[in-house]
Amino acid sequence: MEETKISRDFIREIIDSDLASGKHKEIVTRFPPEPNGYLHIGHAKSICTNFGIAKEFNGKCNLRFDDTNPVKEDIEYVNAIKNDVEWLGFKWDNLHFASDYFDRMYLLAEQLINLGLAYVCDLSPEDTRTYRGSLAKPGRNSPYRSRSIEENLNLFRRMKNGEFPEGSCTLRARIDMTSSIMCLRDPAMYRILHKNHHLTGDKWCIYPMYDFAHCLEDSIEKITHSLCTLEFEVNRPLYNWFLEKLDIYRSRQIEFARLNLSYTVLSKRFLRKLVEEDFVKGWDDPRMPTLSGLRRRGVPALAIRNFCSIIGLAKRNSTVDIALLEHRIREELNKTAPRVMSVLNPVKLVIENYTEDRTEYFDYVVNPEDESAGTRPTPFTRELYIERDDFMEDPPRKFFRMGPGREVRLRYAYLVTCTGVTRDEDGCITEIRCTYDPETKGGNAPDGRRVKGTLHWVSADHSFPVEVRLYDRLFNKENPMDNEEGVDFTSHLNPDSLHVVTNCMVEDHMRNYKPGFICQFERKGYFSIDPDSTPEKMVFNRTIPLRDSWKKLKGKSK
RNA sequence: UGGGGCGUCGUCAAAUGGCAAGACACAGGGUUUUGGUCCCUGCAUUUGGAGGUUCGAAUCCUCCCGCCCCAGCCA
């Protein structure tokens, strides 16, 4: 399957010229997640960009975990992230952890102290903030700013040795407390955290801050182009400062706009809230924009990659219409998903003039978009199930489906004409009755008469009940984060984001498939088998409905 | 408020001084044994605004307006 061609964006143009000028012979990028949550489709943009660029330019891309904060991070997340990256379809050239570099970072920090460019500061967090000043007011120098190199070295070693409690002091870069760039006002490089790290255990009780660590990680790995999101733009001067003062390999940081999606929340913090406060069933709930959620829902990795290639890469903040994602999903599934007839809201259809013990098999086209998928036999009997919605007692003019006296086609089978209905004592329809025209085997009339409606169906004797989970968008507000003071994004949660339907009837041969299998229920949508399935009860997730111009038409006339 | 960024169709997004791509969405029509797919057609006389430079400006200059980011010992 070929991916859609990627257009030239400003980052690729920079790389083109770096290659042309001879600045670089080979391109090296990296995807640097912090293992403190699950990856979501916003990360997919970054993954596709970093791995995609490496591939296109014949370079390398590393997967590197930015695990510098043991308070938030966990091994559970690193495994899930590795799995997600692989599922998305990418292979890293090298796997690294920021924590692999803790010894080198420590040495580099001492080097900065020796250069007179870092000092141990005993200011409390509150005082540090006060001394920092504000956007409008310059900061003031810390009283500890002019300690001697020896004293700083000694203090820093004692910090490392665990002699001080958390919060008692930090190692700070000595830059400029009056800078208009806030992060240049003597930023913290190391803080004390007496915490167990998922990889280094209790070896360290001081941990490097992002600004100090990240540029070093890039430099150590000789990352040529360090791609990150816009909010780090203001950190770039500091990124460059460390590399320059330490005189080590100069990676170049380039910022691009992160992905925002309509009707969606893409922030690990808020996604975590949805999980922890049970608004959804987990990180992989099919309504979640996480890669694990999308995967479980039945979204193909290629659809996500193709989505990432059409949304572009630029510096302007934007919100992509979720319809673009949906389009890519349908586009991919239309090409690849085998078709199946499945009745979500069944009502029995009895063919009065069809012999009771007779079973015929019709050729069913597995995928009209893929001839190589071929055909398979599907059984037809006197009693069938059809969708309750496909029948109306008093149909409007534009309704092409079944109604009293109307003739419709049962897909691949026969033309049938409705003769009436059977009701229970409450007046509910329990059966629809019809007769078939034996001359129309396969669905065409020899006399050339046309019918507008074609219905899907399953044989009552060759089908079994399953559970189907119908999903809708998780939020009913285009930007759930755009709120007045005090209004929480969870107040825009769509109460109808999940509908569980039981006793949907599917063809018998569906028993052969396992969780992860994706197919199209004809005329309904794309569905995937959920891991919750058991041999006793299969569960299907609706990945996405088919486009439905009838529904649209109906909506208009109201 | 000091600094850093960004403004092109409803939504993304190209155009790199030469006469506003494309995709999605939307609207209309055709084909169709999925009201699906597919195929046509339409959809920015104008690029946040106002001036200026130029034969020519979305692109260059000036001023203005709007939005985003930074004041964690988070990343």
Side-chain angles (χ1 to χ4, degrees), chain A residues 4 7-9 13 32-34 36 66 68-69 71-72 121 123-125 128-130 132-139 166-172 178-185 187-193 206-207 209-211 213-214 228-237 255 257 259 262 268-269 310-328 330-331 334-335 339 341 365 368-369 398-401 408-413 415 442-444 450-456 478 520-525 545-554:
Chain A
T4 309
S7 71
R8 237 53 197 158
D9 51 71
E13 279 176 359
E34 182 187 11
N36 68 343
D66 210 359
T68 58
N69 185 356
V71 178
K72 295 182 172 177
C121 179
L123 246 28
S124 68
T128 304
R129 199 182 328 124
T130 312
R132 187 160 31 230
S134 71
L135 295 179
K137 287 190 298 274
E166 284 186 15
S168 59
C169 58
T170 56
L171 181 73
R172 292 228 254 164
T178 66
S179 175
S180 52
I181 301 167
M182 294 305 286
C183 72
L184 256 24
R185 320 245 263 225
M189 292 165 57
Y190 271 92
R191 78 288 218 186
I192 298 170
L193 255 21
I206 57 171
Y207 291 91
M209 300 286 293
Y210 168 86
D211 283 311
H214 203 91
C228 63
T229 45
L230 249 31
E231 65 269 27
F232 292 103
E233 210 152 21
V234 289
N235 299 54
R236 184 162 17 108
E255 311 83 16
L259 173 68
S262 60
K268 274 196 263 188
R269 188 177 140 217
I310 43 164
I311 56 176
L313 201 55
K315 295 198 71 148
R316 86 180 75 113
N317 289 312
S318 61
T319 299
V320 174
D321 188 341
I322 194 149
L324 254 85
L325 208 215
E326 295 172 343
H327 170 256
R328 287 306 207 181
R330 290 195 181 98
E331 173 187 61
N334 177 51
K335 286 188 285 193
R339 316 282 127 124
M341 292 201 284
V365 177
E369 306 299 315
K398 290 269 179 87
F399 186 80
F400 304 149
R401 285 108 97 148
V408 295
R409 173 164 37 236
L410 295 177
R411 186 152 220 229
Y412 300 127
L415 261 35
N444 285 310
R450 318 284 282 189
V451 294
K452 280 286 252 192
T454 299
L455 309 187
H456 62 281
E478 187 163 335
Q520 182 193 108
F521 287 175
E522 284 210 56
R523 302 210 297 136
K524 288 292 165 189
L546 252 28
R547 288 173 81 205
D548 188 349
S549 54
W550 164 240
K551 192 173 165 190
K552 209 184 265 182
L553 223 184
K554 253 193 331 190

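Every value quoted in this text rests on a predicted model; they were computed, and no experiment measured them. Each chain gets a letter, A, B and so on, in the order its sequence line appears, and its residues count up from 1.
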query: Taking the side chain of A/Arg132 as its heavy atoms from C-beta onward, which of B/rG4, B/rC73, B/rU34 lies nearest to it?
result: B/rC73
field: Touch class at under 4.0 angstrom, heavy-atom based, for A/Arg450 against every strand present
entry: sugar-phosphate
- request: Quick one, give me the B/S/- string for nucleotides 6-11 of chain B, reading 5' to 3', where B means a protein heavy atom under 4.0 Å from the base and S means that only happens at the primed atoms, P, OP1 or OP2.
  value: SSB--S
message: If I pick the C1' atom on B/rC70 and the same atom on B/rC64, what distance separates them, to the nearest angstrom?
response: 25 Å
query: Across the strands shown, which category fits A/Asn235 at heavy-atom distances under 4.0 angstrom: base, sugar-phosphate, nothing?
result: base
query: Can the ring centres of A/Phe399 and A/Trp550 be said to be less than 6.0 Å apart?
result: yes
query: What stems, by residue range, does RNA chain B take part in, given at least 3 consecutive Watson-Crick or G-U pairs under 3.5 Å?
result: B:2-7 with B:65-70, B:10-12 with B:22-24, B:26-30 with B:38-42, B:48-52 with B:60-64
query: So, is A/Arg547 near the phosphate of B/rU37, with a side-chain N or O under 4.0 Å from OP1 or OP2?
result: yes
Listed partners of A/Arg401 passing salt bridge (Lys or Arg N to Asp or Glu O under 4.0 Å), at least two apart: A/Asp390
- prompt: Can a salt bridge be assigned to the pair A/Glu233 and A/Lys315 using a cut-off of 4.0 Å between side-chain N and carboxylate O?
  reply: yes
- request: Take the protein atom CH2 of A/Trp550 and the nucleotide atom C1' of B/rG36, then report the distance between them rounded to whole Å.
  value: 16 Å
query: Within the structure, does a side-chain N or O atom of A/Arg191 lie under 4.0 Å from either OP1 or OP2 of B/rA75?
result: yes
message: Are B/rA75 and A/Tyr210 stacked, with the base six-membered ring and the side-chain ring centres under 5.5 Å apart and planes under 30°?
response: no
- request: Evaluate the criterion side-chain contact (heavy atoms from CB on, under 4.5 Å) for residue pair A/Val234 and A/Cys183; output intermediate values, then yes/no.
  value: CA-CA 8 Å; A/Val234 289; A/Cys183 72; 5.6 Å; no
task: Could you work out the separation of B/rU59 and B/rG49 based on their P atoms and round it to a whole Å?
output: 10 Å
query: Looking across every strand, which nucleic acid part, if any, lies under 4.0 Å from A/Tyr207 by heavy atom: base, sugar-phosphate, or nothing?
result: nothing
